[in-house]
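Start at 1 with the first residue, then count along the sequence. Keep in mind that the numbers below use all heavy atoms, side chains included, and drop hydrogens, waters and symmetry copies.
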Amino acid sequence: MTLEKNILAIDVGGGTQDILIYEEGKPMENCVQLILPSSTQIVAQKISKATARGKNIFLTGNTMGADPAPGPLRNTSIGV
């Protein structure tokens, strides 16, 4: 019995998170590929929307790298 080699590859960058599900025996162009906004992009959008409405922001949790989120924070009264 031979097992197929499947690979889940995820690359999270500053702008996008790229996901590839490689399935052995399948042509690469037929493998599932996703390009989604990175979590820092999503957080940056939420911060921008909240500050535009004059809402308070509370950030907690693990460290998140990359550039998009600090930009909107610099435009708030707390700064970075």
K.L.:
Is Ile21 reachable from Val12 through a run of I, L, V, M, F, W or Y residues, each pair having side-chain heavy atoms under 4.5 Å apart?
P.N.:
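Same cluster.
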
K.L.:
Mind listing the closest non-hydrogen atom pair of Ser38 and Gly13 along with its distance?
P.N.:
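Shortest heavy-atom contact: CB-O, 3.2 Å.
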
K.L.:
If you count the non-hydrogen atoms of other residues, nucleotides and ligands that lie under 6.0 Å from CG in Asn30, is the total more than 12?
P.N.:
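Counting neighbours around CG of Asn30, more than 12 heavy atoms of other residues, nucleotides or ligands fall under 6.0 Å, so yes.
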
K.L.:
Cluster question for you: counting only ILVMFWY and a side-chain heavy-atom cut-off of under 4.5 Å, with indirect links fine, are Leu8 and Leu36 together?
P.N.:
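Hydrophobic grouping puts Leu8 with Leu36.
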
K.L.:
Give the minimum heavy-atom separation between Leu20 and Cys31, together with the two atoms involved.
P.N.:
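Taking Leu20 first and Cys31 second, the nearest heavy atoms are CD1-CB, 4.0 Å.
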
K.L.:
Between Tyr22 and Met28, what is the shortest heavy-atom contact and its length?
P.N.:
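Of all heavy-atom pairs spanning Tyr22 and Met28, the closest is CD1-CE, 3.9 Å.
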
K.L.:
With a 4.5 Å cut-off on side-chain heavy-atom distances among I, L, V, M, F, W and Y, is there a chain of contacts connecting Ile35 to Ile10?
P.N.:
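No.
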
K.L.:
Is there a chain of hydrophobic side chains (I, L, V, M, F, W, Y, each step under 4.5 Å between heavy atoms) that links Ile57 to Val43?
P.N.:
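Linked, Ile57 and Val43 end up in one cluster.
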
K.L.:
Write down the atom of Glu4, the atom of Glu24, and the distance for their closest heavy-atom approach.
P.N.:
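So the two residues come closest at CA-OE1, 3.5 Å.
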
